[in-house]
Protein chains: 2
Amino acid sequence: MDAAAPLLVAASDFFRGLSPAACRDVTERARERRFARRAVLLRESESEPALFLLVAGRVKLGKLGSNGQEVILQLLGAGDVFGGVAALAGGPSPATVQAVEAGRALVWDRPVLRELVARYPEIAVNGVRIAAARMQEIQERFRELSTERVAQRIARTLLRLARQAGRRVEGGVLLDLPLPRRDLAEMTGTTLYTVSRTLSEWSERGLLETRRGRLLLRAPHALVAIAEDLGG
Amino acid sequence: MDAAAPLLVAASDFFRGLSPAACRDVTERARERRFARRAVLLRESESEPALFLLVAGRVKLGKLGSNGQEVILQLLGAGDVFGGVAALAGGPSPATVQAVEAGRALVWDRPVLRELVARYPEIAVNGVRIAAARMQEIQERFRELSTERVAQRIARTLLRLARQAGRRVEGGVLLDLPLPRRDLAEMTGTTLYTVSRTLSEWSERGLLETRRGRLLLRAPHALVAIAEDLGG
DNA sequence: CGTGCCCTTGAAGATCTTCAAACGCAGTGG
DNA sequence: CCACTGCGTTTGAAGATCTTCAAGGGCACG
């Protein structure tokens, strides 16, 4: 176990507000798991999901349709948690979680988590808070998917990614994560072809460019205009 | 206050598992609110949402787009709760709630709810459970909206409504609630025109009919086939 | 140097939206 | 009692948007 682990635990949404002693206790009950790119950490069918705290790497949280089509609900990175709400609630995992970048995570299995919640009830309240925040976001995205056009949704998604994984560099904001067209399509409810076309057009207009497989947003303000349908 | 109120409270998802004494306590702290059709019970802008337990009537839980377009996230009826997760979490209301049928509700304002949670921590756990269930549903609908065609989504929505508000009558299942084409469109992410056309077609094929403003599903199995894209 | 993966682009066409017009029905007021 | 009015619904026609299928290109990696 990493020596810095208790700090990570203390900083995570799920264990926020716990005393340092409690955080050490919580940390000791975790097991560590390393995972490779494309590894599946959680399946929808999983009846007893565990709580994961991402230490390093990135994962996508998604859902598979009966015909094989996938939908990406969220991308998560270091410091983010997943599986916790389902683990607390007692239901099955609502989504499949797959790594898009290798990394490692701290894991608390359901029985362990239950013990911890009994000992530190603040955890349940934090769980509600996290659930509420996720709900906010997915409802907002539901609205977007329902009422906005593809270009708007792609622009919004890029801006969201910029906030959570963007690095300011000279010339714009770099989305420093692997982001194949296909994934972007599954995040926005469209096809990889439409994404490709849209990005090509924006690229020609100088709004962004592709650098070594990463997207560089050169004109985020223009993307905002597109997202808000102000005539971009 | 209604004499049956403690029973309703005990049966609600939010207060499930509380002792009878606790339920009486909880019930006493509620205030009652009657509302007319079209009344707005909660706004998105609301920073301090309360917990509502519907005693009678129906409401729609929705979100408004910047351009005035509305999206309906859920329809709720007697026995359902809303606002509770946001109230517990401390954030703003994630959605607007408007009555589609007059009714009444028990209401716990945020400070009251906080006290109750402190006294009965099971409430927080129930909150997580409710949040998880809602999350399940909205994620599933997100996937549908993302990957399925309009007819499939309309069929699914009708079937969902049949489960939660359907009455078996001779000749089929009656959706005993006001359900204008417009609302159905806002539930499925399409326009009222497309809904009208689709229902007309199904009506001609004998799958359903409109009776005094209510929908009667004559062949739910056929709707299932359409929803699952089995060639309906 | 191939092989596979991802990306791009064109062309055709399905699906769905938009706009316009007309209908039926319930409630209102003359 | 009947016309009037407003709301929800239906239907047609036109066309925008997006998907689908097909083909080819580039790049990394073995």
Side-chain angles (χ1 to χ4, degrees), chain A residues 36-38 60 65 67-72 100-102 144-155 157-158 175 177-205 208-216 226 229 231-232, chain B residues 37-38 60 65 67-72 100-101 144-155 157-158 175 177-205 208-216 226 229 231-232:
Chain A
R37 191 166 138 93
R38 285 184 227 278
K60 61 180 177 187
N67 42 7
Q69 294 182 84
E70 195 183 332
V71 167
I72 297 180
V100 297
E101 263 181 358
E144 291 167 10
L145 190 53
S146 206
T147 63
E148 298 181 346
R149 350 201 127 222
V150 170
Q152 288 181 271
R153 305 197 310 256
I154 296 175
T157 300
L158 293 181
L175 299 188
L177 77 171
L179 188 64
R181 302 291 184 262
R182 168 118 209 191
D183 281 8
L184 205 40
E186 285 169 356
M187 281 188 260
T188 50
T190 181
T191 62
L192 75 95
Y193 308 105
T194 301
V195 169
S196 176
R197 273 182 244 276
T198 306
L199 294 188
S200 291
E201 193 209 317
W202 290 348
S203 193
E204 274 169 27
R205 283 165 53 188
L208 50 78
E209 61 190 66
T210 306
R211 274 190 189 171
R212 276 165 310 170
R214 310 269 131 137
L215 278 181
L216 174 69
I226 292 169
D229 195 23
Chain B
R37 189 166 140 92
R38 285 184 225 280
K60 61 180 178 187
N67 41 8
Q69 292 182 87
E70 195 183 332
V71 167
I72 296 180
V100 297
E101 263 182 357
E144 291 167 11
L145 191 53
S146 206
T147 64
E148 298 181 346
R149 351 203 119 213
V150 169
Q152 288 182 270
R153 305 199 307 259
I154 295 174
T157 301
L158 293 182
L175 298 188
L177 76 172
L179 188 65
R181 303 292 183 263
R182 168 118 211 192
D183 281 7
L184 205 40
E186 286 170 354
M187 280 188 261
T188 49
T190 180
T191 63
L192 74 96
Y193 307 105
T194 300
V195 169
S196 177
R197 272 182 244 276
T198 306
L199 293 188
S200 291
E201 193 209 318
W202 290 347
S203 193
E204 273 168 29
R205 283 166 51 189
L208 48 78
E209 60 191 65
T210 306
R211 274 191 190 171
R212 275 167 309 170
R214 310 270 131 135
L215 279 181
L216 174 69
I226 294 170
D229 196 21

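Keep in mind that the numbers below use all heavy atoms, side chains included, and drop hydrogens, waters and symmetry copies. Just so it is clear: chains get the letters A, B, ... in the order the sequence lines come, proteins before strands, and each one is counted from 1.
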*What nucleic acid atoms does B:Thr190 come within less than 4.0 Å of, heavy atoms only: base, sugar-phosphate, or nothing?*
sugar-phosphate
_Gap between atoms CD and P, on B:Glu204 and D:dT11 respectively (whole Å)_ = 7 Å
*Proximity to the side chain of B:Tyr193 - top-ranked nucleotide from C:dC7, C:dA20, D:dT9*: C:dA20
*Whole angstrom is fine here: how far is it from CG in B:Leu145 over to P in D:dC18?*
14 Å
*Counting only side-chain N and O atoms of A:Arg149, is one of them less than 4.0 Å from OP1 or OP2 of D:dT17?*
yes
*Closest heavy-atom contact between B:Ala185 and B:Thr191?*
CB-C, 3.4 Å
*asked:* Does C:dC16 have its OP1 or OP2 closer than 4.0 Å to a side-chain nitrogen or oxygen of B:Thr194?
replied: no
*Given DNA chain C, 5'-ward residue of the pair A:Ser196 and B:Glu148, judged by closest heavy atom*: A:Ser196
*Grab the CZ-C1' distance between B:Arg38 and D:dG6 for me, whole Å please.*
12 Å
*CA sep, side-chain torsions, deciding dist, call: B:Thr210, B:Leu216, side chain to side chain contact (heavy atoms under 4.5 Å, CB included)*: CA-CA 6 Å; B:Thr210 306; B:Leu216 174 69; over 6 Å; no
*Starting from C1' on D:dG12, measure out to CG on B:Leu192 and report it in whole angstrom.*
15 Å
_I need the CZ-C1' distance between B:Arg212 and C:dC25, as an integer number of Å._
15 Å
*What integer distance in Å separates A:Arg181:CZ from C:dT9:P?*
10 Å
*Enter the distance from B:Arg181:CZ to B:Leu215:CG here, rounded to the nearest 0.5 Å.*
5.5 Å
*So does A:Arg197 get a side-chain nitrogen or oxygen closer than 4.0 Å to the phosphate oxygens (OP1/OP2) of C:dT8?*
no
*Interatomic spacing from CG in A:Asp183 to CD in A:Glu70 - rounded to 0.5 Å*: 7.0 Å
*Once you round it to whole Å, what is the distance between P of C:dG27 and CZ of B:Arg37?*
12 Å
_Would the distance check show the side chain of B:Arg37 and the main-chain N or O of B:Glu101 forming a donor-acceptor pair, the cut-off being under 3.5 Å?_
no
_Distance, rounded to the nearest Å, where B:Arg182 contributes CZ and C:dT17 contributes P_ = 13 Å
*asked:* OP1 or OP2 of C:dT9 versus the side-chain N and O atoms of A:Ser200: is any pair under 4.0 Å?
replied: yes
